[in-house]
Each structure stands twice: as C-alpha cells, then as structure tokens.
Amino acid sequence: MNFHALALPILNVASCRAALVSQRPCILAFVLFLMAGMLVSGVVSIEDGAAHLRLVPTNPTTPPPATPTATRVPWPTSNTRNDEEIYEAIKDGKAAIHSTREPMTKKELQVSMNNIQRGLKLKGGAGGGWSVEADLKLLRLLASSKKAYAKGNHAKAIKDVDKVLAIEDKQDDDDTQFGDTLAMENTNLDDPTGLPSIAGGSIDEHVPEDIDHNMLDEAVFDKDGAENIDQTNPGEEAMDIDARANSSSSSSGSSSSSTHKSTLRRRVRDLEGMLEDVTQVRMLAQPDIFTKDSADHCSIPEFLAGVCRSLDTKAVKSASVIVDAHIGISECGSANTVGKHVAGGGLSELPLPLRFPTIPPETSKVDIIIQNMGDGCWNVLKVIYLERSISSTAALSMCSGKPFVPVFRPGPHAVKKAIQWALARVRGHHVHWHRLEDKSSDTLLKSSSNLWSPENDELAEGIRYINSFAPDCDALNEQTYWILTNIKPDSGTPLAGWPEIKVRNMCQNKSRGVSGSVPKNEFPLTTASLNVAFAENILPLVYPLLLSAAIIMVGNPGVGKTPAIITMAMAIGRYHVRRLGLHGVKPGWRRGKSLDNFRQRSPQIQEALFLDDPSGRRLDMADLKSFVTTDEDGTVSGRYNDARLTRNQFRALASNDTGDEPQGVLPSDTTLDPEAFIKLLGPLFADAHRKDILAVLKRCSTFVFTDSALYVRLPSERPDAIVHRITKGDIHKDMLAEKDKHLYNTYKNGLTVYGASHAAEIEQEQAMIDERAEYLARFPNVKNYVQDCNNALQTWLRPVRVLPDSPDSPPQNGEQAAGDLRLSLYIGTGPKANRVDRASFVIPDSSVSKARRIRGKSPVPETALLGMATSASSMSLRPDEQETLVPEIEPDEEVLAVAMGKQITKKKPSCLFPFAKKGKTRFLLKDNLTKTPTSNKVQSEKWRKTPYVKNPIKIRVDRLKWKRNLKDFIGVDEDATVKLLTEDGLLPDWTRMKCPFCNLGAVSGLQSRGRLTPRYRCRRKACQKFILPQHLHPIFTSNMGSEGHPLAIQASALLLRLAGIPLSSIHIVLGINHKALESMEKKLATTRKCFVDAEQARMVLGNGKSTKWTEVEADEAVFDKCLIAAEDAHNPNKTMKWEQWLGMVPRGKPSSLVLFRLRSLTTHKRAPGPGAVRKEDWVKIASKWLKDRSIILHTDSARSYRTKIRGVVHDAVVHQKKKVLRGGKKVWKPPTFVRLAKHKLPNGRKITVKAGTQVIDRAWRFLKERVKINQNTKTGSHQLTAKIRAAQYEYWQRGKDMWASTGTLLTWYMGNITSRHKEA
C-alpha cells in the first residue's frame, strides 16, 4: 500500500465486533462507497476470528455528474461582513458543518469570522471587511473538525463507537464536497509497519492484486483547522477541493510521484491529526531493525518530495530533526553492516560516503534507511533527532549528503507522529529508534488510578525524560505548564498518563539539585587533545597520582588550565566507571567558585569537583586541606551544612593568583628554588602559615604557569622538594593542541561535537592509565613513585649524554668506587648541589679518627688551635711547615675562627692580659672572656631567641634595580615612547576596545602620524574619531601651551617623582612648568587613593585559626591641626581641630598596613593633642578587623586598647617615663619601648613575644615624610586624605620596583574605564 493513501472506508465496528464474538461465519454485505469521486464495492467476511475485506472499483452504467468548476457559497457574497445572513444559511443546512461543531452558536460563528478577518488583514468586527476568499476559508473551517482539546470539546477516556450503517446510500456531489471522508478509527498499531488491520490481519494481505493503490491516494480529506487558516493559500485550497471533486475523471494509472508537493504535505498534516487520538511516539531502548521490500511502498525520492524541503539557511533558522539524503551513491558494503554501525552508535565507523563530517552529540539519535536500487547504487536516508534545536549552519555541518528538514512546524514533540508513520512506509533496510504505539485504555486511566505501578523500563525512561527536559524554575509557572502538557494521555511523551503529583515531585527534586554546581557529562576533548609535550611526558606520570592526590593549576589566564583540568577529570571518571563496573552513570565534573557550591548533591566518585578561581580571603586553609585530601572521605564548610567529599574523587583547583616572576633563573635551568616556588604561590595562600602550605602541597600536584616557564611540583611535604622548570613545546603558553581547538570552540558556543577519532583516543587514554596504575602498584609507597617521577622528568628535561671511553682509559668495573662523586641530574636553582648528587655519595669507611688537618710553622698547642681548622689540603707543605692532626672540636665549643688574620684562643691565657680597649679583638672576645651574672645570661638568651619580627623582609635600597631609568627616555621619539609605556602598562592598549566617543565601534591598532603623537581610530563608519594613547589617562596629558609636554618628558618627570625627587628639583632639571608638575602630583595621589580604598576593603588581618596567631601593631598619629572660628565650634572654648588617623599593620607584612581616619575632634587651643583613640571608635574598628581572627595585639598603654575583643590577645608598653619608689626613693623609670611578654592562648598553648609598637611607629615616620602640608593640603581636606593614601600605597610597595608597580596601578585604573569590544 502506498503511504499517500491516508484514509480508507471503515465498516460498522459494532457489527464486526458482534460477528467476532459470535464466532460464526457471516457475510455482512456488499458495501458501496464514494472515495474522492470513485465508486468502489467490497465484501467483508468474518470467519475463525479473522476479518477479510475485499474492495474493487465499480464501473457505473452512467457517467458521473459534471462537477462545478468553482466552489458554491450558500449565502450572498458581499464586501461587507453580514453575520445574520451567514448564520441563517448555516441554520437552514445550506452549509456543511462537521459533527464536532454542532450545534453552531452565533457566538462561535462570530469568533471564527473575527479570526478569518484578522488572518486576511481585513477590518474586523461585525460590518467589517469581507471577501470571497473569506467565504472559502469559513466553509473549510466549518467542514473541518475541532481540535481534540478545544474548549468544550474534550475527548473522552473511551470514545463511543459511531453509528454507521453497514450499507450507506450514495451521496450527491454537493453533500460530499465539504463532508467528511471516512477515516480509520479502529487501527491496530502494534504492527511495526503501523498499517491498519482487522483482527490482526493486514489489509494489504486481503486486497486483490488488480486494485490500483493510486486510486486510494485520492481518498484524502482536508483537515485544516483554525490554526492553519493563515498559512494556506485560499486559491490553492479551492483548487484542491475542485480537484478532489473531479478526481473521478482522472486516470487510475497516474503515478503517486506526480502528486503536487503541497497536497502531499497537507496529507501528512491530515495523517498526524488522524493519529493524534489513538497513537503516541515511543523512544525505544534498542533500535528497531526491519526491511520493507514491497513495491507498494514509496521510494526515498518520493518521500523527500512529499514531506521534506531543502535546508536553506536563509529560510530555516534552526532545526531539531535533520534529514541527510544520499541519492544514487555507489554501494558501500552490506546494508545490514551499515545498519549495525548505526544501531550500535558507531557513527565514526560508517563508510566514507555516509560518514558524518561532524559527529552528532551523544544525546542525539540517528535513523537510517538504505534502499538498494539493484544497479549497484544506493539511496540512503539518514534522519538525525537532536535533543534541542540547533542553528541551520550547525545542522549543515553534520550532513555529508543533501540536507532536508520536515515540512511541519515545530510543535510540542521532537518527533512528529506523521513523519514516523511515513518513514515506516519507505522501501529499504530500516533502523529506527522511535515507534508509533497504541494508547490503550489503561494508559488513559492510569493518571487517575491509585494503583499506578509502571514497569521498571517505563519508569526509568520517564525519569530520564524529566532529568533532560523539565524546566528548573517555576517562577512563571513554566514547570507547571510543562508537567500538565506532558502528562496528557495523547502527549506522546514517556510521561503520558502519569500522575501529576508524582511528576511534580520528581521535577522539584531536580530543581533542588541544580541550586549548586550542576554535573556536566559531555566534553569533546581527550588526553590526545592536549599539548603533545604535556600529554606524552607529564600526564602519564601524574594520572596515577590523581587517584589519591588533588591537582592545583595557577598562573596566567588563557593558557588552557580549565579545559586541561576537565579533560583529566573525564579521564579519571572513565577509569572509575570501568574499574568499579558502574552501570547507568557517566563520568562528569561539577564546577564552582566556592566550596559551598558542592553541598547540594551527594558526592559521586566518577564526578570530579573543580574549584575554579575561588576567593583567596574566603578560602579557609582547613577547608582547603580537606578538599585536597582525596585519599579519605571528608567534609568542607558550607553555608547551611557541610559539603561531603568522597574518597578517590578527582578534585582540582584553578586560579590566577600568583606572585611575580622568579628572579635569577637562567633559561637552561630545569629546577627552581623551593623557597622561590612557595613565594610564587604566596597570593593563593594569602597569609597562611608555612606548615599549612606544606600540608596542602603534600596532598596535591601543583602546576604554576608564568610568562617564561611551567613549574611542576609533585606531592611532597618536604620544604626542599624538587620543583621542575619546563619550557619544552611552549607548554607554559598553551595547554591545548591545535588539532582539536575547533571542537573546544564549538563546545563553548553551546554544541558538543566529537572528533572522528574520539573513541579510539579514549581507548588509548584508558590503556595508558591502566598501565601507569599498574606501574604505581609495584612501589612500596607513593613517595618512592614520586621520586621515580622526579627522576623521569629531569631525564626528559636534561637527557644525559654518555661519552664513549677513550682507547687509553683503564677498564671500568660496574660498581662505583667508595666516595665517588657523580654529577646530579638536577640543574638550576633547586636544593640539590650543582655538581654532586648527594643521594649517590657514599662516605668511605676509615679507621682514622676524625681530625682536622692544619698547617703551621711549628707545633701548636691544642688549646691554641680552636676554630682554626680548614679542610685537608692536597698541596704539599713547605720545608718550614709541618702537618699536625688535632682532634675535632664540636661547633658549640668553638669561639670565633679568625679575626684580622690572628689566631684566637678559647680560654684567657695570661699572655693576652690586659685586654685591648678598642678594636675588633675586644668586640669579639668580650662575650667569652668576661663574666656575666647567670640571671642576666638567661634573660639575654630569651631576648636573643625571641625575634621582634618572625619573618622579616630585608630591603637593600642601594641594590634595587628598576625596569626603567632616565636613559630610556632621553632622545626617544613619540612612537617609541608610546610603545615603551604601553609595554610597561602605563598607557592602555586601545586596540579592539570600545570607542570612548560612540561606545559602539571597535578601535583599530596604533597608527603612526609622523612627527605627531601616534593615535588609534574608531573603525565605525559613523564615528571615525582619532584617539590619543593618553586619552582619559589620569596622569599623562595632551595639553598645548606652557603645560603641554611630550610623552617622553612627562614619563621622565614621573620617573623622577617616583624616585623621591622633589618637584622643585624636577622643575629645574627638566624645565617643566610647575603647574604641570603639581597637577601630575595631585592626579597621582588621587589615583593611588582610589586603588588603596579598593584594596583595603578586600584585606583581612589574621586567618581566624587558633593554630596560627598573627602579631599586629596598632597606634594613632596626628598629621595636622587648625583653628576654627568660635561661632563654628560646638564649644567656643574648644577651637582646635585635629587630623588624626589610626593604623594597624601585621609584623613582617608592610603590604598589609591599613589606615582609618578618626573623627575630627576639637580641643582647647593649647592642648598637646587630641588624645588616644576613643573607645567607641576602637570597638567598631576592632570588631570588624580583629574579632575572631587569632590576633596578638601590640599597642601603647591607652585605655581604649584594653577593651576585650574575642579572639584577640593584648599586650602594651608604656611610652612615658614615670616616678617609681625604689629603695625608699622616688626615681624616674625610663619609658619602655620593647619588652618580653608571655601569653597563654585559648587552646592552652603558651607563647613569648616582644611587645612594642616599633613597626607602626616607623610606618608613621615613613608616611609623614611624604605628606607635605601646605595651604591646599590641610585638616579635613580631600587633598590631605589623598596624600596620606598615596603614602600608604608607597609603604605597601616599599622595596619594590616603583615604576613597574605604577604600571600595575595605571593598568587597574584604565581597566575600569575601557572595555573590550564584543568582536574582540
């Protein structure tokens, strides 16, 4: 049967059922039907539980009556809408009305006529515009059935059987013109073909051979509803109606392929409406494979011509169902083999002509139909069903043949029923993932049944459907709408007929799970997609460690840290799935910016946790250590409850927080000093204790990317663990290989596309992990494996050259001689010596006692040789010298060795008395040759062992080197100056930024202008503005006149000012106008103030952990005072106003100095000062900055500092002399600036520190030296505040390159003004 025959006459179902029940042979009747103007007759016999139908065309004795050439309108035509006349004609029965629309009320008629007026763009309402075309549309609308779920026309759960006569009278043409063509109502769709059948037998099996199926193609009714009024050409519809009326005179031998495309498309829509009530589309767990070879079925070209249209990117914007057609290609092996590849998901193994250029996503389904033409050629149809719509451009990239899309409009279902019905009727070898199934009565009732108990497969499929498509949010009732539409019995979804409460609970469970980080399971890259040097030499060593250790990647942005971590996460996830035999799960990852994002879901071993760019000051070290401890189950702190972590789960951290580039590293070095590496990680760990940092590094592999190299440190708790410096393959610049970058770009655009060799690369990747895991198991512990990996990395970075022995060299035995020195593999600034490998050096056994070898002219007493030992010399002694061996003296028994070339003894011999009164001899011998009271010795020992600053920063200003000096700007033109300043960050690079004038166009590159300053230009046609490099710059200007100077002169002035040269001297040296210098100074201070305000708001003091306490000094200082008018003062006697600030700084961290401007208090005119900070002010500041931060606070003896603050231990020193009673006399006690203080911490631990405010006092002196008070800078002025903040910025940068620091400052400032254009 041809698939175009969309309707067949149906017998009285009640009679058939009665005959079947009685099980008696009977012949119902000859039946006479009118099918599209063609008379047919037939016999139905029911016997032995089977119904046999035989239909044959009849030859009437008289020719059929002539059909009118145009459709007759049963009411008077007019250009004005007349509701009364039309309604009267309908009531009189002059117009054919479908049974579902009866009885037609006047209100319903008016609504329909309003819709027709709106569709034809006529004047609406009663008495509005009307036309013949509107009459035709109204007739078609009245003759068509209502929608199944139109208001007031709800379908019943079990439909009543229509009362149909066994033999119906022949109807006139006028009655059948707009009447219903009989359609199939009792259809058995259990058959994969979907053909209608009676009592299990196919109709085709009982239709005589001489019946022309093309006659049946014309038996199609028009079922356009109100929703199709605006999309169909009225003239074309009238022609179709006339054509169906005249079809009896057409030749029965016409081919179905000659049918007009619009007619075939309308038939597909009609079929979809017919199947809507009785069928639903079901996605199969396994594909359905069958073959259709009957000549009655249509060919692939006929299918394409009837129900598809070409995929034109201009006409089709997006598509979710794509048809890829190959017409007339050469045979590509066996159709069965190709079908197995599609059914098994091996799309990359298809023959080359059929292979997809871009493999569809894993969530998509692919059907295929292969028609063998018998002449060595194939017609192949591939149908791609996507999870969601994609752009037509992306759809074209998947097609290797000619692309098509179905003609239906996108509806609520991804797979249309009519298309599935039509695909099953195409000749060829089929592989289908969808099937039309019957909606049984129990399905319709199960949503209202209390005994709802679906099969396991159905339940699993429904849950997968909810997880994939259910909306996460219900703020606008979108989730409720989705639930109600999908549980309808005729929705065709896996949820059809499910109870609403069950589906709603499942959707709510899904919504709760997406409040945090959501797992992702699709990623197109594999290990082979990464940098070759990284994938072949580093990852094989690191992969086994990731089973019990985390990974940290920090450094420059844009090098590919994120895709590399996700690739490794997917590789380890696949390994866990295979190793544990997990079913129904996929490897994936969850990504979040804080640990709180991971608490909403239970941890899964195959789902990696990726902490991406967390906030350093919010990341507690205890949580970080728990996060990187992957060999145990653990928890990390969350907002409401803790986030759980499971053992052996892949965990990673990525961040951009690193320190400055290590100094003193040669290009040939393959290692880095461990201290420099920890300093490089300083911003990531903030002010964490060194032991906490080592505890984190013990549990993870650390990768640090800088501009010059990649630094790798494998897990180790040793502070001197080797750090590898890697530059091979430019691995520090890009972690991704070029071959799969286009796949990653497509993934970032929202479409996951896998490469052709994706499956093979995964197999190689997993084989490599299995091999390396097996290799790890050979070692007794992980430490030995890490040592082996370190040796392997250094062997790769610096391979050892083995030179052949010379002919005259003695033979070498295999064993190494005792005490032999072998060159180390490690080259660089690392802890290993550059010449000797300590691990292989063996001290030889010797019976000789430990002794030192010295040279002297005569025998020397043992007591005179203390500290004079030197290493044994290989030089021969002079005749007047002799060699003496003396016993080894322990270091703690030695005094100083040699001073001024003289030997110094330990005890005081009589020959050395009296002692020298001057010189180094007295200085060196004073502590050893004089007696000191025991109590003083103990006190001085405690004093010496207690440092004032635990980790002091040593600054040698005389050895500082800046990036630029004055010679770089002498005689330099504008082009070179702009290039130099842009390179240092002092000038912004406007290239590809948004134009600051129009804010729409993109800025071009820098253009040279001869002797003028080079400039940029907006590329937008309507703008074309020139932009100077110093446009909107806070310091550099482009002024004219006496204040205008070239950029080289301005840069020189800024360099001298940063070096501390006074403005008056700069004015003399460079000849710059003093107004320009003062303006530069003011702008520089304002810029620094903005930066300091932003940075100080982000600072924290201490770490809040009871195991590590931070020493902080606090004090206040006065910068200026002024008199105010008595009438402006609150108290006329208090007219002196003060500028007072409070400062706090942790010892050893000048970059953490924080300043607070205190309230401007007024005092008496002759008051020495405003006094100490008020208690209420101090409590506010301390509660915010010190409370619960584990702080040891050092202050002076002001009362306000004695306030109890939780988590703060306080000590103080007295800065003024006092009179005390000593020995019955009052004596002056000098002020105490530093003293030893003992504290008992809350955890019971005792600690001794030095109390004092030396650091903050020196900070005040540093600030006051740089704040010059004048008429513009005085108490309460914004300029004074800006200068104090600018001095605070200088204190932060003390000991650093101020030129480079200013470049960073100006880059930050201009980054808040400029913005990257979207095209960049």
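This is a predicted model, so every value here is computed, not measured.
For the pair R651 (side chain) and A550 (backbone), a donor-acceptor distance under 3.5 Å is absent. Under the 3.5 Å distance criterion, the side-chain polar atoms of S1301 are matched with a main-chain donor or acceptor of D1297. Side chain of Y711 to main chain of T702: no donor-acceptor pair is present (N/O by atom type, distance under 3.5 Å, no hydrogens or angles). Between the side chain of N531 and the backbone N or O of G729, at least one donor-acceptor pair lies under 3.5 Å. A donor-acceptor pair is defined here as one N or O able to donate and one able to accept, closer than 3.5 Å; such a pair exists between the side chain of H576 and the backbone of N648. R1189 places a side-chain N or O within donor-acceptor distance of the main-chain N or O of L1101, the cut-off being under 3.5 Å.
Separating the CZ atom in R772 from the CG atom in L546 is a distance of 12.5 Å, to the nearest 0.5 Å. With rounding to the nearest 0.5 Å, the separation of CG in L525 from OG1 in T567 is 4.5 Å. The structure places NZ of K950 at 10.0 Å from OG1 of T1110, a figure rounded to the nearest 0.5 Å. C789 contributes atom SG, which lies 11.5 Å from atom CD1 of I538 (distance to the nearest 0.5 angstrom). Within the model, atoms CG of L681 and CZ of R713 stand 9.0 Å from one another, a figure rounded to the nearest 0.5 Å. Taking CH2 of W589 as the start and CD1 of I565 as the end, the distance is 12.5 Å to the nearest 0.5 Å.
A 4.5 Å side-chain heavy-atom check between K1108 and R690 finds every atom pair outside the cut-off. Contact annotation: the side chain of Q649 approaches that of L609 to within less than 4.5 Å [non-hydrogen atoms, C-beta and beyond]. The side-chain heavy atoms of K1149 and V1145, taken from C-beta on, include no pair separated by under 4.5 Å. Proximity of D673 to V723: side-chain heavy atoms (C-beta onward) are nowhere separated by under 4.5 Å.
Remark: the Y775 side chain and the D788 side chain contain an N/O donor-acceptor pair separated by less than 3.5 Å. In this structure, a donor-acceptor pair under 3.5 Å is present between the side chains of Q766 and R578.
For residues 603-612, the side chain to side chain donor-acceptor pair (under 3.5 Å) pairs, not counting sequence neighbours, are R591-D612. Residue pairs meeting the ring-ring contact (aromatic ring centres under 6.0 Å, His included) criterion with at least one member in residues 658-690: none, sequence neighbours excluded.
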#### Entry: Residues E765, T526; criterion side-chain hydrogen bond (donor to acceptor under 3.5 Å, both in side chains); working and verdict
CA-CA 8 Å; E765 168 192 277; T526 64; 5.1 Å; no
### Message
With side-chain hydrogen bond (donor to acceptor under 3.5 Å, both in side chains) as the criterion, how do R725 and T670 come out once you've worked through the C-alpha distance, each side chain's angles and the decisive distance to 0.1 Å?
### Response
CA-CA 5 Å; R725 182 178 182 273; T670 60; over 6 Å; no
### Query
Run the side-chain hydrogen bond (donor to acceptor under 3.5 Å, both in side chains) check on K561 and N656 step by step: do they pass?
CA-CA 10 Å; K561 299 188 295 294; N656 298 328; 3.3 Å; yes
### Query
Should K1250 and E1111 be marked as a salt bridge (charged side-chain N to carboxylate O under 4.0 Å, His left out) after you check the CA-CA gap, both sets of side-chain angles, and the distance that decides it?
CA-CA 10 Å; K1250 285 185 177 179; E1111 296 185 61; over 6 Å; no
### Task
For the pair Y543 and T527, evaluate side-chain hydrogen bond (donor to acceptor under 3.5 Å, both in side chains) and give the outcome as yes or no after the intermediate values.
CA-CA 11 Å; Y543 267 143; T527 301; 2.8 Å; yes
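Atom CD of E717 has more than 12 neighbouring heavy atoms from other residues, nucleotides or ligands inside a 6.0 Å radius.
With respect to the salt-bridge test (charged N to carboxylate O, under 4.0 angstrom), the residues D633 and R644 do not qualify. Using a cutoff of 4.0 Å between basic side-chain nitrogens and carboxylate oxygens, E941 and K945 are scored as salt-bridged.
Taking the ring centre of Y948 as origin, the terminal cationic atom of R1147 falls inside the region bounded by 6.0 Å and 45° from the ring axis.
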